[in-house]
Amino acid sequence: MLFFVIRQFQKAKLKHVNAVVIRDQLRNDLAKHQRIEEEMREKREQQRMDIAKLNLMINQAEEQMVKLRKRYENAVQHRNDRGVQLIERNEEVCIFYEKVNIQDDMIRKGDVELQSREEEIRFLKMQVAEENRSIGLARKTLPNKRALDGELVTLQIQLSQCQDRMAELEKNLENPYDESRVRLLEGKDMPPGDLNKKIEELEIRLAEKEEHLLEKDLIFDQVCKLSERVNQKMDAGKTHTLNLAKEVNDFQAKIKGVTRRMMARVSELSMTQAESLKLQQEVRDKETSLEQAYIRMQRGEAPTNEAAKEWERMINDENRRIEDKHNRQAIQEDEEQYVLAGGATTTAEPRPNAYIPDDDLELPVPRPYGASAPFKPQESGANMRHIRKPIIKPIEI
């Protein structure tokens, strides 16, 4: 009976031990489940934070998209304004070209007029030279007035003397008492008809000479008038030529200024066009990036590669912080193992003082070591690198 009671006591004790073991296992499982639940809760909070960050990034992306749309609208408006300005500048350039063409025509006409004026001046100079030569010849052919006046005075004196002598001779000739009043002239007297012919010839010659003299006087007067007129035309032509030269110089200076302004406007237009093309390319790139971001977001991906890298970086940072936290907890737990009962700390590794049997017939209850406790291999030192593994040689029989 006692043996039966002891056996029942042993069985009850064994059941109690089994119940304790099961309780410990259940406590361990409960602790594991609590730890897993805590980790799941942390993951859930982390995922909530990640979702909030993603929502924030989405909101920022939408705000950036709105800003990009506004910038795009502003760029389109700016492009349209630039296009209108470009059209206006092109019209101004066309007007400037028309003005330049008109001024070129005016310059050509001025050059032609200047050449014609130069030809006229050269022709007038030739006429003036011809008139001067004619005047010189006329002056050479005309008799000297002073000499003629002196000769006329001499002839008048001689005529008066001859008239006085003739009156004296007539008086002597009429004196009947003077025997020497008659002096017979030698030679032959011309008949009256020849004398009349001779007188007529002399009168004709005298009339021709007087007519030539009058013609020369008229020619001289005309030449003087023409020379004066030519001199006036030359003076007027010089003034007109000087005015034309000044006008041509003014037109050339204006053309140069207009050309410089046109070149400056063309340079500004080219720079504006290049800037407009650059802005259009930026707008197209932004539109393409925005469309790709929408497509990637619809597929559940990050809007851009940069956002994906940023998200990965944030996840890596968060994982690193969690891992650092676990490492700190593990280190803290390890440090707690090195705390002795009296509160002192030691750097010695904790020695196991029990083992769990591997026999299937017995319960996995920790049992203390025996006399050779604990059986634990020593860690390999730094000298192990000098020890080579032995090579097993085959045994020859």
Side-chain angles (χ1 to χ4, degrees), residues 16-64 293 296-360 362-370 372-385 387 389:
H16 176 70
V17 172
N18 290 331
V20 171
V21 171
I22 292 170
R23 184 198 61 185
D24 293 335
Q25 289 179 355
L26 291 175
R27 285 181 179 178
N28 293 328
D29 293 336
L30 180 61
K32 288 180 181 179
H33 286 299
Q34 288 178 354
R35 187 171 64 253
I36 292 170
E37 184 181 1
E38 186 69 25
E39 291 178 357
M40 294 295 290
R41 189 180 295 110
E42 290 179 357
K43 287 183 180 179
R44 184 178 62 186
E45 294 295 331
Q46 183 65 33
Q47 287 177 357
R48 286 181 180 176
M49 293 174 63
D50 295 339
I51 291 169
K53 290 180 181 178
L54 286 173
N55 291 326
L56 180 60
M57 291 177 67
I58 290 169
N59 294 327
Q60 291 177 356
E62 289 179 353
E63 292 177 357
Q64 190 176 5
R296 292 173 67 115
M297 288 173 68
Q298 289 176 359
R299 291 185 299 186
E301 298 179 358
T304 59
N305 294 326
E306 289 78 8
K309 291 180 181 178
E310 183 68 19
W311 175 250
E312 289 179 359
R313 186 179 65 79
M314 292 172 64
I315 294 297
N316 292 329
D317 293 339
E318 190 65 26
N319 292 330
R320 187 173 62 253
R321 284 194 294 271
I322 293 171
E323 186 177 356
D324 293 338
K325 182 178 179 182
H326 290 315
N327 292 330
R328 285 195 298 273
Q329 290 178 358
I331 291 170
Q332 188 176 2
E333 291 177 357
D334 292 338
E335 288 178 353
E336 288 177 357
Q337 294 179 1
Y338 293 107
V339 177
L340 299 178
T345 57
T346 179
T347 57
E349 293 184 1
R351 295 178 61 188
N353 54 8
Y355 70 97
I356 298 173
D358 296 332
D359 193 359
D360 296 333
E362 297 180 358
L363 295 175
V365 178
R367 292 183 181 181
Y369 282 103
S372 60
F375 183 77
K376 183 180 179 181
Q378 188 178 3
E379 294 183 357
S380 299
N383 296 325
M384 288 296 294
R385 65 179 183 272
I387 300 172
K389 186 177 179 180

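These numbers were taken from a predicted model, which means no experiment stands behind them.
With a 4.5 Å cut-off on side-chain heavy atoms, R44 and M40 do not count as touching. In this structure, the side chains of E62 and N59 come closer than 4.5 Å at one or more pairs of heavy atoms.
Among residues two or more places apart in sequence or in another chain, the side chain to side chain donor-acceptor pair (under 3.5 Å) test is passed with N305 by R296. K309 pairs by the side chain to side chain contact (heavy atoms under 4.5 Å, CB included) definition with nothing, not counting sequence neighbours. Contacts of D317 classified as side chain to side chain contact (heavy atoms under 4.5 Å, CB included), with partners at least two apart in sequence or in another chain: R313, R320, R321. Residues passing the side chain to side chain contact (heavy atoms under 4.5 Å, CB included) test with E42 are E38, K325, sequence neighbours excluded. For E312, the side chain to side chain contact (heavy atoms under 4.5 Å, CB included) partners two or more places apart in sequence, or in a different chain, are N316. Residues satisfying the side chain to side chain donor-acceptor pair (under 3.5 Å) criterion with E63, sequence neighbours excluded, are absent altogether. Contacts of R35 classified as side chain to side chain donor-acceptor pair (under 3.5 Å), with partners at least two apart in sequence or in another chain: none. Under the salt bridge (Lys or Arg N to Asp or Glu O under 4.0 Å) criterion, R48 pairs with E45, sequence neighbours left out. Partners of D50 according to the side chain to side chain donor-acceptor pair (under 3.5 Å) rule, which considers only residues two or more places apart in sequence or in another chain, are Q46. The salt bridge (Lys or Arg N to Asp or Glu O under 4.0 Å) test applied to E306 returns no partner, not counting sequence neighbours.
To the nearest 0.5 Å, atoms CG (N327) and CD1 (I322) are separated by 12.0 Å. The structure places CD1 of I51 at 14.0 Å from CE of M57, a figure rounded to the nearest 0.5 Å. Atom CD in E37 sits 9.5 Å away from atom CG in L30 (nearest 0.5 Å). Interatomic distance, CD of Q34 versus CZ of R41, reported as 9.5 Å (0.5 Å rounding). Residue N18 holds its CG atom at 12.5 Å from CZ of R23, rounded to the nearest 0.5 Å. Note that CZ of R27 and CD1 of I22 are 13.0 Å apart. Values are rounded to the nearest 0.5 Å.
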